[in-house]
Amino acid sequence: MKKYKPTTPSQRNAQSIEYRKVLTASKPLKSLTKGGKRNVGRNNQGRITTPHKGGGHKRALREIDFLYNKIDIPAKISTVEYDPNRTAFVGIAVYADGEKRYVVLPKGVTAGHAFVVSEKAPVEVANRLMIKHIPVGTFVYNIEIKPGAGAKLARSAGTFAQVAAQSEGYTNIKMPSGEVRKVLDTAWASVGSVSNEESKLRNLGKAGRSRWKGIRPTVRGTAMNPVDHPHGGGEGVQGIGLRRGPKTRHGKQAYGVRTRTPKKYSNDLIVSRRKTKR
């Protein structure tokens, strides 16, 4: 991690990643990027569904390959790049037939590293194969939920899942949250853990950097008026009073409350629920 001399108040606690030691390219490949409007927490009706999002620096969207449908064609990583749209590092994979695609890079992979997507691929970092061919205890990332649908699980910086068991056409996967769930063993996964594990150690140092990233301020409910939040009002600092527990601004229970849909289609695939705060 990179620390700064406290020449300004914002740099006193700032801590960032030493990108110069990791990245090999400063600009993305133009043919694999596109512009686009970000949703910034709004739905298709323009209503806010996720608060505290908006603004931020303009971004170029990298077209990341999560399908990995070039099977049995070896590829080599040519660059290690920063992507403003995700916490992990990305890189350009150059396949033997000349095609280039952006992929999420695993930990320990640098420019020049070769990998292959194949059922018969060796169990090595960055290689991708069916989960049924991966030994129990192996760390995996970019995991499919449905075969051929593309990677959906364990894609952010420093994360990994672990193959826990193999039985009766399913593989038990221990997720980063601690949840254990079953996945069809014909789904694909990549071997290793996602790069940039130091991402969680960053300290932005000032509120302005959050705004550059598109993160808007978060106001405490206790600092609001009663009309704006269940925790609002009162003289000085107040507790939650006679309520059952903390509430969201919409009056719903928060912290330690299970929010999963009771009749969700995938409930049968959950072997062990993740731990929630109490």
Give the intermediate values and the outcome of side chain to side chain contact (heavy atoms under 4.5 Å, CB included) for residues Lys213 and Leu204. CA-CA 10 Å; Lys213 293 167 72 66; Leu204 298 184; 4.0 Å; yes

Test item: side-chain donor near acceptor, [X] and [Y], under 3.5 Å:
X	Y	answer
Asp72	Ser118	yes
Arg38	Asn85	no
Arg260	Ser266	yes
Glu81	Thr79	yes
Asn13	Tyr4	no

Under the salt bridge (charged side-chain N to carboxylate O under 4.0 Å, His left out) definition, can you give me all pairs with a residue in residues 88-108, not counting sequence neighbours? Asp65-Arg101, Lys70-Asp97, Lys70-Glu99, Glu99-Arg101

Straight-line distance of [X] [atom1] to [Y] [atom2], nearest 0.5 Å:
X	Y	atom1	atom2	result
Thr248	His231	OG1	NE2	8.5 Å
Asn203	Gln11	CG	CD	12.0 Å
Thr33	Lys27	OG1	NZ	11.5 Å
Lys3	Gln15	NZ	CD	5.0 Å
Ser156	Asn196	OG	CG	10.5 Å
Tyr102	Phe66	OH	CZ	13.5 Å

Nearest heavy atoms of [X] and [Y], plus distance in Å:
X	Y	value
Pro106	Val125	CG-CG1, 3.9 Å
Glu179	Ile270	OE2-CD1, 3.4 Å
Ile131	Gln166	O-NE2, 3.0 Å
Leu129	Pro122	CD2-O, 4.4 Å
Ala121	Val116	CB-CG1, 3.7 Å

Relative to the ring of Phe139, is the ring of Phe160 parallel (under 30°), tilted (30 to 60°) or perpendicular (over 60°)? parallel

Considering only heavy atoms from C-beta outward, does the side chain of Val140 approach that of Ile134 to under 4.5 Å?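 Side chain of Val140 against side chain of Ile134, heavy atoms only: contact under 4.5 Å found.
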
Taking the side chain as C-beta and beyond, is there a heavy-atom pair between Arg273 and Arg258 under 4.5 Å? yes

Where the side chain of [X] meets the backbone of [Y], is there a donor-acceptor pair that is under 3.5 Å apart?
X	Y	result
Asp83	Arg62	no
Glu197	Val194	no
Asn225	Gly233	no
Arg209	Gly205	no
Arg42	Val40	yes
Thr138	Pro135	yes
Glu144	Gly150	yes
Thr87	Ala157	yes
Ser195	Ala88	no
Asn142	Ala151	no

Given side chain to side chain contact (heavy atoms under 4.5 Å, CB included), test Ile173 with Val180 step by step and report yes or no. CA-CA 6 Å; Ile173 301 289; Val180 178; over 6 Å; no

List the steps, then state whether side chain to side chain contact (heavy atoms under 4.5 Å, CB included) holds for Tyr141 with Ser190. CA-CA 5 Å; Tyr141 70 102; Ser190 300; 3.5 Å; yes

I'd like to know whether [atom1] of [X] has more than 12 heavy-atom contacts from other residues, nucleotides or ligands below 6.0 angstrom.
X	atom1	result
Arg249	CZ	no
Asp268	CG	no
Arg216	CZ	no
Tyr170	OH	no
Lys247	NZ	yes

Taking a hydrophobic cluster as the set of Ile, Leu, Val, Met, Phe, Trp and Tyr residues connected by side-chain heavy atoms closer than 4.5 Å, whether directly or through intermediates, do [X] and [Y] fall within one such cluster?
X	Y	value
Ile77	Tyr19	yes
Val271	Leu269	no
Val117	Ile64	no
Val123	Met130	no

What do you reckon, are the aromatic ring centroids of Tyr82 and Phe89 less than 6.0 Å apart? no

Should Val90 and Val103 be marked as a side chain to side chain contact (heavy atoms under 4.5 Å, CB included) after you check the CA-CA gap, both sets of side-chain angles, and the distance that decides it? CA-CA 6 Å; Val90 299; Val103 295; over 6 Å; no

